[in-house]
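Note sheet for the following structure.
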Amino acid sequence: GLAYVFKDEAEATKYFVDKKNASGTVTETAAQQATNFINFVNGDEYLSTRKGNFTERNGGRIPWNTSMDVRILHNVQLKNAHGIQISLDIFNFTNLLNADWGRVYFSPNTFNSTVGMGLSRVNSGTAADPTYTFTKPTASYSVDQLASRWQMQLGLRYNF
């Protein structure tokens, strides 16, 4: 579902609860989490425009995916119109050139936008008035490590 972005620390503090460790000691107060949440929102290009409003469906964006594939093909002509084609395909060639290029990004929490914002619902509170804890996410998107790697394929074709 769509997430509501608190407009300021005062509003956010009402909906956060203290984080406690296993022995019940407070490790982070609701006020500290509210400050951290608003700082996170202010640092996000999209979320900072939504303070006091709900997020929009597909409103936030991941970085642009760029990759380039390369094919090298050589024809060897044989007798009687027969031939052999030798090919070398390099998928995600940009990643072969530079490890920081050709990355494939995705949003892992499309089913629950509050998780992407670092909010975890706590059992206290009612359905109409839920409470949360906040843990700053490392990013609102992830990198697909397998799809972001370059790959090579050698091909051989006999034409007759």
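Everything numeric here is computed off the predicted structure, so don't read it as measured data.
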Asn42 vs Lys51, test: side-chain contact (heavy atoms from CB on, under 4.5 Å). Steps then yes/no. CA-CA 9 Å; Asn42 288 336; Lys51 289 194 281 190; 2.7 Å; yes
In terms of ring plane angle, is the pair Phe16 and Phe134 parallel, tilted or perpendicular, where the classes change at 30° and 60°?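 Phe16 and Phe134: perpendicular rings.
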Should the pair Phe6 and Tyr4 be assigned to parallel (<30°), tilted (30 to 60°) or perpendicular (>60°) ring geometry?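 Answer is perpendicular, since the angle exceeds 60°.
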Going by heavy atoms in the side chains, are [X] and [Y] under 4.5 Å from each other?
| X | Y | result |
| --- | --- | --- |
| Thr27 | Thr25 | no |
| Val5 | Asn53 | no |
| Ile86 | Leu73 | no |

Nearest heavy-atom pair of Val76 and His74: which atoms, and what distance?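 Taking Val76 first and His74 second, the nearest heavy atoms are CG2-CD2, 3.6 Å.
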Please name the pair of heavy atoms, one in Asp100 and one in Arg103, separated by the smallest distance, quoted to 0.1 Å.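 Shortest heavy-atom contact: OD1-NH2, 3.0 Å.
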May I ask whether [X] and [Y] are part of the same hydrophobic cluster, defined by side-chain heavy atoms of I, L, V, M, F, W, Y residues being less than 4.5 angstrom apart, directly or through others?
| X | Y | answer |
| --- | --- | --- |
| Val26 | Val122 | no |
| Leu88 | Val70 | yes |
| Met152 | Met68 | yes |
| Phe93 | Val143 | no |

Spacing of [X] atom [atom1] and [Y] atom [atom2] [to the nearest 0.5 Å]:
| X | Y | atom1 | atom2 | value |
| --- | --- | --- | --- | --- |
| Thr133 | Phe37 | OG1 | CZ | 12.0 Å |
| Asp44 | Phe40 | CG | CZ | 5.5 Å |
| Glu9 | Thr35 | CD | OG1 | 3.5 Å |
| Trp101 | Ser67 | CH2 | OG | 13.5 Å |
| Ile72 | Ser87 | CD1 | OG | 10.0 Å |
| Trp150 | Ile90 | CH2 | CD1 | 7.5 Å |

Glu28: which of Lys20, Lys136, Lys19 passes salt bridge (charged side-chain N to carboxylate O under 4.0 Å, His left out):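 Result: among Lys20, Lys136, Lys19, Lys19 is the only option passing the salt bridge (charged side-chain N to carboxylate O under 4.0 Å, His left out) with Glu28.
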Taking [Y]'s backbone N and O only, do any of them form a donor-acceptor pair with [X]'s side chain (distance below 3.5 Å, no angle check)?
| X | Y | answer |
| --- | --- | --- |
| Asp144 | Val104 | no |
| Asp89 | Arg71 | no |
| Asn95 | Gly102 | no |
| Asn65 | Tyr105 | yes |
| Gln33 | Val17 | yes |

Between Tyr15 and Tyr132, is the ring centroid distance below 6.0 Å?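 Between Tyr132 and Tyr15, which both carry aromatic rings, the centre distance is not below 6.0 Å.
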Report all side-chain donor-acceptor pairs from residues 153-160 shorter than 3.5 Å, counting only partners two or more places apart or in another chain.
residue	atom	partner	partner atom	Å
Tyr158	OH	His82	ND1	2.4

Kindly write out the residues that satisfy side-chain hydrogen bond (donor to acceptor under 3.5 Å, both in side chains) with Asn80, not counting sequence neighbours, or none if the list is empty.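 Expected list: none.
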Has Gln77 got more than 12 heavy atoms of other residues, nucleotides or ligands less than 6.0 Å from its CD?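 Atom CD in Gln77 is crowded, with more than 12 foreign heavy atoms closer than 6.0 Å.
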